[in-house]
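First the structure, in the form of structure tokens, and then the observations on it.
Proteins come first, then strands; the chains are lettered A, B, ... in the order of their sequence lines, and each starts at number 1.
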Amino acid sequence: MTQAVAAEMLAVQVRDLTRTFGARKALDKVSFDLPTGSFLSIFGPNGAGKTTLVKVLTTLTPPSDGSAKVCGLDVVEESVDLRERIGLISHNPLLYPDLSAEENLSFFADMYGIDDAANRVRELLVAVELDHRRLDLVRTFSRGMLQRLSIARALLHAPEVLFLDEPYSGLDPHAVEIFDSLIAQIRADHTFVMISHDLAKGLELCTHALILARGKVVLSAPKEEIDEAEFAATYRATVGTGVA
Amino acid sequence: MRQLKVALVMLLIGGVLTTVAFVMAFTTAEMQRFGTVTVDEPLDTAFPLMEVSERGYTYERPWFSQKIFYFHVPVAEASFLVFGVAAFYSIRFLMRRRKEFDTKARLAMETAIVFVTLTMITGILWTRAAWGVWWEWEPRLTTYFIMTLMMIGYFVLRNSIEDEERRATYAAAFGIIAFINAPISFFITRLIPSSHPVVFQSGFATSNLIPFIIAQIGMLMVGYAIYAIRASEVRLEERVDVLKDALEG
Amino acid sequence: MTVADTPTPPAPARQTGASLSWRQFKAILRKDIVMELRTKEMVTSMGIYALLTMVIYQVALSQAGTAFDPRDIAAGLLWLAFVFTSMLGLNRSLVHEKDQGCLEALLLSPVDRPIIFFAKAAGNVVFLLIVQALTIPVFAFLFLQRADQYGGDLWMIPLALAGGAIGIAGVGTLLATMSVNTKGKDFVLAVLFVPLMYPLLLAAVSATSAAVLGGDGYVQQFWSSMALVAAYDAIMLVAAFALYEFVIGA
């Protein structure tokens, strides 16, 4: 988040991003930069604007004012190209329960227009160790398996930036372990933006941290500059100011 | 606050104009006639006796129920106009995503529902007087019935969504498609062959046109007044909300 | 083998342009059909609902007497059944997109929003036609046995049904996308759906009735009604298509 980083090295570039509806400001002049290859953890109480921020960055919601670029592409003007370069792993699996693992991935491969989809799907199923269950309906999967398959879905089109929306909620400790190891394996090749409620986990993974409260950036810093106790105190102070 | 003052003045003038039109409709406006009626015995009636012949006594048949058109038609036209305003602001909302357009569309729809209800009531009265039944599935009445249902639907939709922006977007989309649907309903009801009598034709003399126009202007002013009074009320509510927000923060 | 071993960054080659859009359209449609074939949720619930409606009809007509010919109102009864069953189906078709947040994943992919609209609407047309094809023989079996003969040309019936199904699916897909996000989904859908369907139903009933009854000038009545059905379908499809992008993103 230093100005020294050249613009083309930035995975995410946000300038005065504002999202309002009537008097309510979901995002209020949010600005930050995120260099390619880093891991950003976004913290904040419910209603602070975290989800809105990620929705704007993933082109699902247009900003009211200001600008945002992901991979150098504008979220409004170049949204379709941008969507090909980002992936989302949410606490919701975002998979169809009545399709098999393979059918789910094939479906999304079609949506992304991936050539040689069958091989690519197979490759990813092997990678997340679900190859033996590929013909089973997703309905029968455990929470941990769903999360693994959801990683495979997010990686199908080889995105450059991965958004994680509270990916740990609902996972048992064992599933968290597997999830962590999968993330660790792809960590080097991707930029990450994660929404988190879990302060310890978020800080452990990140290279950059951001605290939002009432749509404003309260704190934004690279991890080296963060004193954990101080950070925790700042975070706690925002929690009371949650939903307007 | 200025808008509120204007609205109150408009309400007053609109009310006066409508009343004037009401009086004129029964005094200066030329009586519309159905034709004549011939009976064997002379009647004790105020209706003019036209002719006495061997066939009997011929009286003129006045068309009193026609008077309702000085109110029914202006109200109906105003309702469609206000509905159009609601659709217009719905489109503007979808284009610009500004909350004020959503508020305007909603208030216009509220006003429209008042006018549509008035149209329905006057229409039903007319049906009773002219055809002897309270309700007839006649294209205009039917269209207004459908419009009423769509407007109810608009508010049902609004009330069933928590998220403000989503509520505004859905309501705008429905408002637009409902506005497109209204004329289609009218034409299709007219064009589909059915066993019911097809609509009356009403002609206008100049003396009838004047109260009609006065009533139309009066109604529109009342309509604007309703809209503007609600608008200033909503503005106050919003200001209270902002203040509440600020206090909590 | 681990994720790291797999060649992740070498981006897979991608299709673009119109051929991609066509592929996406087919994928969504195929997915809906596969899921339906697997769960049979929509068609069974719609079919059973249609059967229940038939029972209600029997009650409604029980006092009509022997002089009454059910053919006279057959078209109206059929469309009434279709309206109620289609509402059931429309809701389902979007509920499963919403359940696991799949819609979000769909919106995140580089798909043009109108493709989602057309694919979902096409799926709904297919399901409606299936339910209609199942309902009509049952209806004829239950109510039209005593009727002397069928009046018009047989090919007119499927044409009228298809015309109606397209309009129902077009507007219905838009409305169901909204109602699925509301409290009291089914009720909201009904309140929005029925008044918007009114002109289409009137025209479709007229066309179907001409086909069932025959008689003087039925060909002319059929075609003029079908022209109205087509006009409604065209206008409403364009409107729903234009509004869909706003609705689905909200």
Side-chain angles (χ1 to χ4, degrees), chain A residues 16-30 43-68 74-77 79 90 92 165 195 211-219 234-244, chain B residues 1 3 86 88-110 154-155 157-176 227-228 230-249:
Chain A
D16 290 333
L17 192 68
T18 302
R19 170 97 189 141
T20 53
F21 192 70
R24 191 143 295 153
K25 287 190 170 161
L27 293 175
D28 190 1
K29 289 191 181 299
V30 171
F43 302 98
N46 287 331
K50 305 185 300 287
T51 307
T52 311
L53 177 59
V54 167
K55 279 196 159 185
V56 172
L57 294 180
T58 52
T59 76
L60 294 182
T61 299
S64 312
D65 205 2
S67 71
D74 189 272
V75 292
V76 178
E77 305 290 322
S79 61
S90 160
N92 255 338
D165 184 359
I195 295 180
I211 299 181
L212 280 179
R214 311 190 103 235
K216 288 197 173 80
V217 176
V218 176
L219 190 151
T234 315
Y235 174 67
R236 268 195 301 277
T238 64
V239 173
T241 68
V243 194
Chain B
M1 282 329 270
Q3 194 186 17
F88 169 76
Y89 280 121
S90 297
I91 293 172
R92 293 215 58 186
F93 173 78
L94 290 184
M95 297 288 113
R96 304 284 307 280
R97 300 209 159 255
R98 297 256 301 272
K99 193 185 176 185
E100 58 184 274
F101 293 132
D102 173 54
T103 309
K104 283 180 177 168
R106 189 188 85 217
L107 295 176
M109 201 64 97
E110 278 178 14
Y154 178 89
F155 289 104
L157 178 65
R158 289 196 76 99
N159 287 332
S160 62
I161 305 170
E162 296 281 347
D163 184 89
E164 262 191 293
E165 191 167 353
R166 176 178 278 169
R167 182 199 305 151
T169 311
Y170 287 5
F174 184 71
I176 294 167
Y227 169 83
R230 282 286 292 137
S232 55
E233 189 188 333
V234 167
R235 250 199 309 281
L236 280 177
E237 275 170 20
E238 276 170 3
R239 257 163 56 193
V240 170
D241 277 348
V242 171
L243 287 176
K244 268 192 202 159
D245 259 20
L247 280 176
E248 278 167 19

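Between the CZ atom of A/F21 and the CG atom of B/D163 there is a distance of 8.5 Å, given to the nearest 0.5 Å. With rounding to the nearest 0.5 Å, the separation of OG1 in A/T20 from CD in B/E165 is 8.5 Å.
For B/E100, the salt bridge (charged side-chain N to carboxylate O under 4.0 Å, His left out) partners at least two apart in sequence or on another chain are B/R98. The salt bridge (charged side-chain N to carboxylate O under 4.0 Å, His left out) test applied to B/R92 returns no partner, not counting sequence neighbours.
Taking chain A as the reference chain and counting heavy-atom pairs below 4.5 Å, the highest number among B/R97, B/K99, B/R96 is found for B/K99.
Atom CD of B/E237 sits in a crowded spot, with more than 12 heavy atoms from other residues, nucleotides or ligands closer than 6.0 Å.
Neither the backbone nor the side chain of B/E238 has a heavy atom closer than 4.5 Å to any heavy atom of chain A.
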